[in-house]
There are 2 protein chains.
Amino acid sequence: MADKAAALAAERAYLYTKDLILRGELSGGQLISEGRICGELGVSRTPVHEAFLRLDTERLLALSSRKGAVVLPVAPQEARDVLETREAIESTAARRVVADGGPAQEVLSRLRANLERQEEYAGAADVEAFVEADEEFHSSVVAASGNPIAVHFFGLLRDRQQRLRHQLLGIRPGHLAVVLDDHRRLVDRLRALDAEGYAGVLSVHVARHQGAL
Amino acid sequence: MADKAAALAAERAYLYTKDLILRGELSGGQLISEGRICGELGVSRTPVHEAFLRLDTERLLALSSRKGAVVLPVAPQEARDVLETREAIESTAARRVVADGGPAQEVLSRLRANLERQEEYAGAADVEAFVEADEEFHSSVVAASGNPIAVHFFGLLRDRQQRLRHQLLGIRPGHLAVVLDDHRRLVDRLRALDAEGYAGVLSVHVARHQGAL
DNA sequence: ATCGTAGATCTTGCATGCAACTATGCATGC
DNA sequence: GCATGCATAGTTGCATGCAAGATCTACGAT
């Protein structure tokens, strides 16, 4: 995997452009040329070209040879597709965790610490911080499955979901408590080694998100 | 997405190198430099570099800045991870197809035609052709869900499974009939709008594969 | 014999230049 | 008015060159 440090020009260009797309500053259908990013970042076309290629494989940009790049618009069913696939991966991860004897002590502590943070953010109505903790919560469960492929896919879905949030408005602060309660129940199901129960709660949980979008 | 034609040097380099890895000619842990591929393909380093970046994002190659590229070895649990994730995605796709009123007539014809091909190949004990039809069968179901993200992920998993097959030996011709029978049952479940039945058959089906690896 | 160090060699990261291709605007002919 | 051809500008694809970092080797000091 590419180094995370922004020291490398290609990595900077990738993060910069992806952020433009995810935050909606480049909206769907819009054309964008490598030259523009070059100018804004003060690097040559090579690293920007590499960044574009990567965004192309992630289906955020659509490149056409010698014609240019167009920001892929959010598909009408994007929310459904993303949430459905996330649910599939996370449910499967939970089943694996349960099949392996339940979450390790370390995982459990992490989840509990995360829940406390969520509680704090929900109380402060800090939606931004809550959403971040939310992501971390679900990612922790997937990571606990020990399936690196699932972790990888989950990360890609996280990007797309972030874009959806920016595009389709956010979450109402009043919903935070409900979401937090769902998360508590998920941890309970995991501790009870109830994989199907986990899948059921998750399904309702995801449906709530879908309703919000 | 990049153009499929091998006209572009970068695409050629990507397909060429990926094939080396998938077919096991470059085994895990082995170092490989861009220069080598350049020589073998007669192109400059630029397109090869781009190919390497892409293989890095697909977790087939691990790049280290200014050190080189190493072919990622097949993880011990790779087979389990791949099959498990495939099952998750395909089951979810089947649920979607059923929720949308069952497979379209077009999809059904395609599946049936595919089954006939499988029958032919199984009779001829043509494992290679059968495996290809097998892949196409499952891909068709996922595609029928209309979830492009799932389709994308499924494609990535297909590459990894191909690598596993090459590495861990193939399928015994005698098993072809059993696999074909599973496929028939899957189509039946789809026609009966029985998503959970589909998931159940698929689970057994995948477990068979896992046993073979 | 062992350790450390300097040099050589290998590797990639990036800037630059050129060529090929696409799309656009405009003049031309009908 | 409308289609056609051409020049032009804009875009990417790729080769090349240079520099920076990493690794290996040889040699000298201890």
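Only this structure's heavy atoms are used, side chains among them; waters, hydrogens and symmetry mates stay out. Each chain gets a letter, A, B and so on, in the order the sequences are listed, and its residues count up from 1.
No hydrogens or angles considered: a donor-acceptor pair under 3.5 Å links the side chains of B:Thr85 and A:Asn147. Donor-acceptor pairing under 3.5 Å is recorded for the side chains of A:Tyr198 and A:Glu90. Side-chain polar atoms of B:Tyr121 and B:Glu132 form no donor-acceptor pair below 3.5 angstrom.
Toward the 5' end of DNA chain D, the nearer of the two residues B:Pro47 and A:Ile32, judged by each one's closest nucleotide, is A:Ile32. Projected onto DNA chain C by closest heavy-atom contact, A:Lys67 and B:Gly68 fall at different nucleotides, the more 5' of which corresponds to B:Gly68. Between B:Arg66 and A:Phe52, the residue anchored nearer the 5' end of DNA chain D, judged by the nucleotide with its closest heavy atom, is A:Phe52.
When heavy atoms are screened at a 4.0 angstrom cut-off, A:Ala10 is found touching the sugar-phosphate backbone but no base atom. A:Ser33 comes within 4.0 angstrom of sugar-phosphate atoms only, judged by non-hydrogen atoms across all strands, and of no base.
Residue B:His49 places none of its side-chain N or O atoms closer than 4.0 Å to OP1 or OP2 of C:dT12.
B:Arg110 has a carboxylate O that lies under 4.0 Å from a charged side-chain N of B:Glu106, or vice versa, which qualifies the two as a salt bridge. A salt bridge is absent between A:Glu136 and A:Arg158; no separation between the charged side-chain nitrogens and carboxylate oxygens falls under 4.0 Å.
Relative ring orientation between B:His183 and B:His138 is described as perpendicular, the plane-to-plane angle rising above 60° on a 0-90° scale split at 30° and 60°.
Within 6.0 Å of CZ on A:Arg95 lie more than 12 heavy atoms contributed by other residues, nucleotides or ligands.
Between A:Leu63 atom CG and C:dT22 atom P the separation is 16 Å, expressed in whole Å. Per the geometry, CG belonging to B:Leu8 stands 14 Å off P belonging to C:dA20, to the nearest Å.
Taking both residues in full, the closest heavy atoms of B:Ala69 and B:Leu63 are given as CB-CD2, 3.3 Å, listed atom of the first, atom of the second, then distance.
A nucleotide of DNA chain D counts as in contact with chain A when one of its atoms lies under 4.0 Å from a heavy atom; the first and last such, 5' to 3', are D:dT11 to D:dG13.
With rounding to the nearest 0.5 Å, the separation of CG in B:Asp81 from CZ in B:Arg160 is 9.0 Å.
Where the helix from C:dA1-D:dT30 to C:dC30-D:dG1 starts and where it ends, the local axes point in directions that differ by 0°; five pairs per end, rounded to 10°.
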